Visitor: 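Dropping a structure here in C-alpha cells format, bear with me for questions.
It should be emphasised that the depicted structure is a prediction, and the values quoted were computed from it without experimental measurement. Residues: numbered from 1 along the sequence shown. Heavy-atom basis, side chains included; hydrogens, waters and symmetry copies ignored.
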Amino acid sequence: MKIYHKFLLYQNKWIHPYTRIILGGVTYIAYLASILLIMGVVYEHGFTISEHEASQLQTLYRFVWGVFLSEVTLRLLLEYRDTKRTFKKLTWILIALLYLTLIPVIFHRPEEEGAILHFWEILNGKPYHIVLLLIFSFLNLSNGLVRVLGRRTNPSLILAGSFLIIILIGTGLLMLPRCTVSGISWVDSLFISTSAVCVTGLTSVDVASTFTTPGFVVIILLIQIGGLGVMTLTSFFAMFFMGNTSFYNQLVVRDMVSSNSLNSLLSTLLYILGFTLAIEGIGMLAIWSDIHGTMGMTFEEEVAFSAFHAISAFCNAGFSTLPGNLGNPLVMTGHNPFLIYISLLIILGGIGFPILVNFKDIVLHHLRRIWKFLHTWEWDRHRFYHLYNLNTRIVLIMTFLLLVFGTVLIAVFEWNHAFAGMSVADKWTQAFFNATCPRTAGFTSVDLASLGVQSVLVYIFLMWVGGAAQSTAGGIKVNAFAVVVLNLVAVLRGTERVEVFGRELSYDSIRRSNATVVMSISVLFVFVFILTIWEPQASVMALLFECVSALSTVGSSLNLTPTLGDNSKLLVAFLMFIGRVGLITLMLGIIKQKKHTKYQYPSGQIIIN
C-alpha cells in the first residue's frame with residue numbers, strides 16, 4: 001500500500017502537471033483543426049475548385065482526422081478516469097465511430113461482394129468522414145466556447161460576441177459565388193446576415209432573385225441559430241455530449257435559458273430544442289398540406305418551401321423565398337390556411353420557451369389525473385391554483401389582448417382600403433395575419449406603404465411591444481410592457497405595491513421594465529435623428545417605422561430599406577443587433593458593474609408633477 005500511495009503522490013506531483021500541459025496543447029490544436037475543417041468544407045462547397053485544390057482539401061481533411069484521433073487517444077491514455085467520469089454515452093459512441101475510420105487504413109478493400117464490402121466502402125467514403133469530422137468540430141468549438149464562461153468573463157459580452165461572430169461568418173458565406181446569382185456587395189451581405197441571425201427579416205436586396213439554393217440554405221441556418229440563440233446551442237452540445245462543464249458555466253447558462261435549477265438545466269436545453277424541432281416539423285407538414293399541388297413545384301421543392309417558411313415563421317424571421325414575400329399571387333388566392341399556419345407558428349415562437357415548458361407541465365398534470373382515474377375510477381379533486389405560473393398568465397393575456405386589439409383595428413381601418421375587393425373571410429384572415437406579423441415577424445401579404453396612417457401607427461405600437469421574454473421575438477417584450485402598465489395603475493390608485501393574480505411583483509422586475517422602456521425610446525430617438533440627417537428624402541414616419549422594425553427585430557418596412565445608403569444600412573444593421581442581443585444585456589456588458597455596498601444613504605424625495 002505504501003508503494004501504491006507513493007506512486008499516486010509521484011503521479012500527482014510530477015506526471016499530472018505535464019499531462020495537463022500536453023492535453024491542453026492538443027486541445028488548442030484540435031480547436032484550430034476544427035476551424036480549418038469548417039473553412040475547408042465551406043471553400044469546397046462555396047467555390048468551383050480545381051483538381052489540385054480538391055487534392056489539397058483532401059490533405060487538410062486527413063490532417064484534421066489525424067488531430068482528432070490523436071486527441072481522443074491521448075485523452076483516453078493519459079486521463080482515462082476523468083474522461084470516463086465526464087464523457088456521456090453519446091460521446092463514447094462518437095469516439096467508437098471515429099475509431100472505425102481506421103478499418104480502411106488497416107485492412108485492404110475486400111475482394112468479395114457482400115455486406116462486408118459495403119460496410120468497408122461506407123467507412124472509407126468521404127461523406128462518412130466529413131460528417132463525423134464536422135460533428136467533432138462543432139463539439140470541440142461548443143465545448144471551448146462554454147469553457148470561456150468558466151474564466152469569469154462577462155456573460156453579456158460572451159452573448160453579444162457570439163452573435164457578432166455568427167453574423168460575420170454568415171456575411172462571408174453569403175458572399176460565396178455559389179450562394180448568389182450574380183454576386184452581392186459586402187454591405188448587403190452583412191445586412192442580410194445580420195437580419196437573418198437577429199431574426200428580423202429586413203432585406204436590402206430582393207432575396208428571391210439574389211440568392212441561389214445554397215444561399216437560402218445558409219440563410220435558414222443563420223435564422224435557426226439566431227432564433228435558438230448561439231449560447232443555447234453551444235451549451236447544449238457541450239453539456240449533452242462532453243458533460244465536463246464547470247459549476248460557474250452552468251450558473252451562467254442557467255440564467256441565459258431561465259432554468260429553475262441546475263438539476264433541470266440540461267432538461268431545459270432539451271425542451272428548447274425539442275419544442276423547436278417538433279413545432280417546426282408540425283408547421284412544415286401543415287404548410288405542405290395546404291400548398292401541395294397548387295404552386296407548380298415538385299415534391300422536393302414543396303418540402304423545401306414548407307420547411308423554410310416553417311422555420312422562418314417560428315423563429316419570427318419573416319424571410320420568404322417568394323418574390324414579393326407572402327404578397328405573391330401564388331399564396332394570396334385560396335391559401336388562407338397557409339397564412340393562418342404561419343400566424344400560429346409566429347405566435348408559438350413569440351410566447352417564449354418558458355411558456356411552452358409550462359404548457360408541457362400542465363398537459364402532463366392532466367394526463368396523470370386521467371391515468372389515475374382510469375386505474376382507480378376515482379377522480380382527483382385536488383385543485384392547483386398556480387398551475388399556470390405568473391409569467392405564463394401575463395404573457396398569454398397580453399398576447400391575446402394585443403392580437404385582438406390589432407386584428408380589430410386593422411380590419412376597421414383597412415376594410416375598404418388595402419383589403420378592398422377581398423371576400424369577408426380573406427379580409428379577416430389578412431387582418432389577423434397583419435396583426436400577428438408585428439409580433440415580431442416581418443412577413444408581408446399587402447404593401448405596407450398602402451396602409452393608412454392609423455394602421456401604420458398600430459403597426460408601430462405592436463412592433464415596439466413585440467413578443468415575450470426568452471422567445472424568438474423582439475421588442476421591449478409583453479412582460480415588460482405589462483409590468484410598466486401595472487406599475488402605472490398602482491401609482492394612479494395610490495398603492496405602494498404592484499400586485500397581480502395574488503402575487504406581488506418584485507422591485508427588480510419593475511426597475512428593469514422601466515429601464516427597458518426608457519432605453520428603447522432613447523435609442524429610437526437617437527437613431528431616427530441620425531437617419532433624418534443621412535436620409536433627408538425619407539419621411540420621418542418611414543424612418544421611425546424602419547427603426548422600430550429593426551430594434552424590435554420585426555422586418556417590416558414601408559419600402560424604405562432598399563433605398564438606404566450604405567451608412568444607413570450599417571446603422572440599421574447595428575440597430576437589429578442591439579434589438580436581438582437586448583438593450584439591458586448589451587449595457588451590462590459595456591458598463592462596469594458597481595459592487596454591492598452594505599451602507600445605505602438617507603432617502604430623498606424628488607418633486608414629481
Visitor: Taking the side chain as everything from C-beta on, heavy atoms only, tell me whether Lys477 gets closer than 4.5 Å to Val465.
Guide: no

Visitor: Any chance the side chains of Asp188 and Ser204 put a donor and an acceptor closer than 3.5 Å?
Guide: yes

Visitor: Would you say the side chain of Phe299 lies within less than 4.5 Å of the side chain of Val303, judging by non-hydrogen atoms?
Guide: yes

Visitor: Where is the tightest heavy-atom contact between Ser193 and Thr171, given as atom of each residue plus distance?
Guide: OG-N, 3.3 Å

Visitor: Closest approach of Leu564 and Lys569, non-hydrogen atoms and distance?
Guide: O-CE, 3.2 Å

Visitor: State, yes or no, whether a side-chain contact exists between Leu571 and Leu531 at a heavy-atom distance under 4.5 Å.
Guide: yes

Visitor: Give the C-alpha distance, both sets of side-chain angles, the deciding distance and a yes or no for side chain to side chain contact (heavy atoms under 4.5 Å, CB included) between Phe545 and Met463.
Guide: CA-CA 9 Å; Phe545 194 96; Met463 290 192 300; 3.8 Å; yes

Visitor: Give a yes-or-no answer on whether the side chains of Thr429 and Asp426 include a donor-acceptor pair shorter than 3.5 Å.
Guide: no

Visitor: Is Gln537 atom CD crowded by more than 12 heavy atoms from other residues, nucleotides or ligands, each under 6.0 Å away?
Guide: yes

Visitor: For Gly555, is there any backbone N or O sitting under 3.5 Å from a side-chain donor or acceptor partner on Ser549?
Guide: yes

Visitor: Enumerate the side chain to side chain donor-acceptor pair (under 3.5 Å) contacts for residues 394-422, please, sequence neighbours excluded, ordered by first and then second residue.
Guide: Glu414-Ser455

Visitor: Kindly indicate whether the side chain of Phe413, heavy atoms from C-beta on, has any atom under 4.5 Å from the side chain of Leu451.
Guide: no

Visitor: Measure across Ala196 and Ile219 and return the closest heavy-atom pair with its distance rounded to 0.1 Å.
Guide: CB-O, 4.1 Å

Visitor: Hey, what's the ring geometry for His335 with Phe338, parallel, tilted or perpendicular (30° and 60° as the breaks)?
Guide: perpendicular

Visitor: Within the structure provided, determine whether Ile397 and Phe501 are in side-chain contact (heavy-atom separation under 4.5 Å).
Guide: yes

Visitor: Would you check if Phe319 and Thr203 make a side-chain contact, meaning some heavy-atom pair closer than 4.5 Å?
Guide: yes

Visitor: Kindly determine whether Phe461 and Phe481 satisfy ring-ring contact (aromatic ring centres under 6.0 Å, His included), including the steps that lead there.
Guide: CA-CA 11 Å; Phe461 173 74; Phe481 181 75; 5.7 Å; yes

Visitor: Applying side chain to side chain donor-acceptor pair (under 3.5 Å) as the test, list every pair that has at least one member in residues 513-533; sequence neighbours left out.
Guide: Trp464-Ser520

